Protein chains: 2
Amino acid sequence: MATQPPTPGPDAPVSSGETGGPAFSPLYQQIKALITRSLQSGEWKPGEAIPSEVDLAARYRVSQGTVRKAIDELAAENLLVRRQGKGTFVATHAEEKIQYRFLRLTPDDGVTGPIERKVIECRRQRAPSEVARALDLKAGDAAVQIRRLLYFRARPVVLDDIWLHGTLFKGLTAERLTDYRGPMYALFEQEFGVRMIRAEEKLRAVGADAPAAELLQVAPGYPLLSVERLSYTYGDKPVEFRRGLYNTASHFYRNELQ
Amino acid sequence: MATQPPTPGPDAPVSSGETGGPAFSPLYQQIKALITRSLQSGEWKPGEAIPSEVDLAARYRVSQGTVRKAIDELAAENLLVRRQGKGTFVATHAEEKIQYRFLRLTPDDGVTGPIERKVIECRRQRAPSEVARALDLKAGDAAVQIRRLLYFRARPVVLDDIWLHGTLFKGLTAERLTDYRGPMYALFEQEFGVRMIRAEEKLRAVGADAPAAELLQVAPGYPLLSVERLSYTYGDKPVEFRRGLYNTASHFYRNELQ
DNA sequence: ACGCATTTGTTCGTATGTATT
DNA sequence: TAATACATACGAACAAATGCG
């Protein structure tokens with residue numbers, strides 16, 4: 001309707017240059033930020049549909065095309081999933097075709113059977129300095145430590161050491177981890193309201209130390225792929241740090257460069 | 001001008017449903033294919049600007065918005081680079097800020113000095129079966145094999161074994177590799193007209209064998225990161241297969257998950 | 001130093017196509 | 001079949017960045 005700058009409603013974006021603040025930002029970027037805020041606040045939950053583009057355009061008082069461009073970027077970042085004819089949905093680690101979205105390990109023969117998990121340990125602990133630094137905690141702050149094995153066809157292939165932000169994951173126990181069916185990240189979404197959005201990994205080759213060698217049933221010094229992962233939720237807030245040791249005898253870590 | 005289906009010109013896209021062929025394809029996808037064809041044929045060379053959006057719209061007899069959407073996707077795939085106010089350019093491995101676009105190795109301390117290279121070997125050879133399979137060759141077809149070291153701060157860190165499609169890279173010698181300043185992929189572009197546009201990697205941890213150990217100055221059995229890479233040019237044609245062995249003592253392979 | 005032309009970037013509006021329920 | 005939602009396509013106007021005269 002309005003080709004002139006719209007009167008800002010309760011949910012309307014800021015007019016450019018109004019606040020003399022940070023800098024100019026295109027309308028669709030402002031809309032993107034508003035949608036992200038609603039995702040973060042839990043207004044639309046994982047797996048649910050968000051309002052239609054037309055509705056959002058009305059709500060934010062912009063054109064449908066501007067909303068589309070905002071959603072395009074959010075879909076490209078895997079925060080939203082578009083389904084023609086059905087709507088736009090909040091991405092989720094649960095109910096995904098591909099379980100384990102972040103796990104890049106692939107069997108050499110391509111046969112991807114079900115993955116078994118065994119939780120070895122899960123306890124609250126004070127964060128070591130390295131973990132504290134990664135998770136933006138003060139050294140000694142509370143953290144949750146998990147140690148677990150992943151089995152492919154009854155063989156131990158991955159040993160994970162996981163450190164979680166202590167306050168966000170208060171109340172997580174080995175029992176809840178064991179009982180839960182489905183990926184750990186789905187549990188985090190559903191039980192703790194923490195969604196993993198993206199992650200950074202650092203890969204190295206290392207020799208197995210004694211405990212890892214025993215758990216993965218290899219000789220000490222056996223070459224293992226070390227995968228350090230820092231996972232982020234909304235607002236680029238780091239909430240999980242883990243180190244995985246992968247036995248790559250019959251699996252590899254796949255990556256796409258472009 | 002025309003809101004009706006335009007009369008197809010020499011370069012115009014096919015009208016939908018004309019050929020009863022494969023399937024429906026959106027206009028912008030057809031434009032994308034036409035632009036890709038021009039890139040492949042060398043009509044626009046790496047580093048050069050392609051015609052403006054308005055010009056392309058006139059050439060293909062579609063609207064500027066349709067061209068934009070085609071270019072958007074090509075830019076997202078790193079085939080083209082948009083520069084506001086200047087134009088849209090053909091991506092190149094040369095004259096890039098970041099040399100080595102595909103090399104994900106990063107020093108622990110973040111200090112990225114210049115990389116030195118030493119070509120150990122470069123010769124024509126018959127492709128072993130594994131290589132032949134990867135490059136879509138017949139076993140025994142001609143290939144170019146290169147063996148080289150990469151040095152970071154005068155220390156050998158990467159040992160590469162590279163296999164190239166024999167006919168595409170006819171005439172490549174150790175001397176040309178050594179003399180060329182800049183990334184190998186830039187040489188491939190400029191001297192052989194072959195542009196690498198994407199690659200798939202498989203990562204593993206392995207123990208150093210005797211030759212690798214000597215070249216990388218580590219003990220035999222020392223854990224190394226093995227990086228198998230298959231690189232593709234236009235049309236998803238594989239043209240390079242390489243296996244790199246990385247010493248990750250003070251470097252890591254970085255990866256982004258999203 | 002200034003303004004102008006060129007090129008991509010943003011935003012709007014509208015109409016129509018395709019997929020789903 | 002109809003209603004709804006996303007997808008495609010067009011046209012128009014203005015903004016921002018760049019380079020040239």
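Note: hydrogens, waters and symmetry copies are ignored here, and every other heavy atom, side chains too, is used. Note on naming: letters A, B, ... go to the chains in the order of the sequence lines (proteins, then strands), and numbering restarts at 1 for each one. If you're wondering where the values come from, they're calculated on a predicted model, not measured in any experiment.
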Check your understanding: Just checking, any donor-acceptor pair under 3.5 angstrom between side chains of B:Tyr180 and B:Glu191?
Key ->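 No, no side-chain donor-acceptor contact under 3.5 Å.
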
Would you tell me if any nitrogen or oxygen in the side chain of [X] comes within less than 4.0 Å of OP1 or OP2 on [N]?
X: A:Lys86; N: C:dT21; value: yes
X: B:Thr88; N: C:dT8; value: yes
X: B:Arg83; N: C:dT8; value: no
X: B:Lys69; N: D:dT8; value: yes

Separation of [N] [atom2] from [X] [atom1] (nearest whole Å):
X: A:Leu74; N: D:dC6; atom1: CG; atom2: P; answer: 14 Å
X: B:Asp72; N: D:dA9; atom1: CG; atom2: P; answer: 13 Å
X: B:Glu48; N: C:dT7; atom1: CD; atom2: P; answer: 16 Å
X: A:Ile31; N: C:dG9; atom1: CD1; atom2: P; answer: 20 Å

Review point. What is the ring orientation for A:Phe192 with A:Phe169, classed by angle as parallel under 30°, tilted 30 to 60°, or perpendicular over 60°?
Key: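 Tilted.
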
Revision key, fill the gap. Residue pair A:Gly65/B:Gly87 against DNA chain C: nearer the 5' end by closest nucleotide is B:Gly87

Point to revise | DNA chain C: 5'-proximal contact among A:Gln64 and A:Gly85 (nearest heavy atom) | key: A:Gln64

Review point. Can you find a donor-acceptor pair, distance only, under 3.5 Å between B:Gln84 side chain and D:dA16 base?
Key: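 A donor-acceptor contact between them is present.
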
Exercise for review: Measure the shortest side-chain to side-chain distance between A:His251 and A:Tyr246 over non-hydrogen atoms and say whether it is less than 4.5 angstrom.
Suggested key: no

Check your understanding: What nucleic acid atoms does A:Arg68 come within less than 4.0 Å of, heavy atoms only: base, sugar-phosphate, or nothing?
Key -> base

Check your understanding: Could you give the distance from OH (A:Tyr253) to OG1 (A:Thr106), rounded to the nearest 0.5 Å?
Key ->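 Going from OH on A:Tyr253 over to OG1 on A:Thr106, the span is 10.0 Å.
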
Point to revise | Selected nucleotide, minimal atom distance to B:Pro26 side chain, candidates D:dC10, C:dT8, D:dT8 | key: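 Among D:dC10, C:dT8, D:dT8, the one nearest the side chain of B:Pro26 is D:dT8.
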
**Study point:** Selection from D:dC6, D:dT8, D:dA9 that lies nearest to any side-chain heavy atom of B:Ser63
**Key:**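 Selected nucleotide (nearest to the side chain): D:dA9.
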
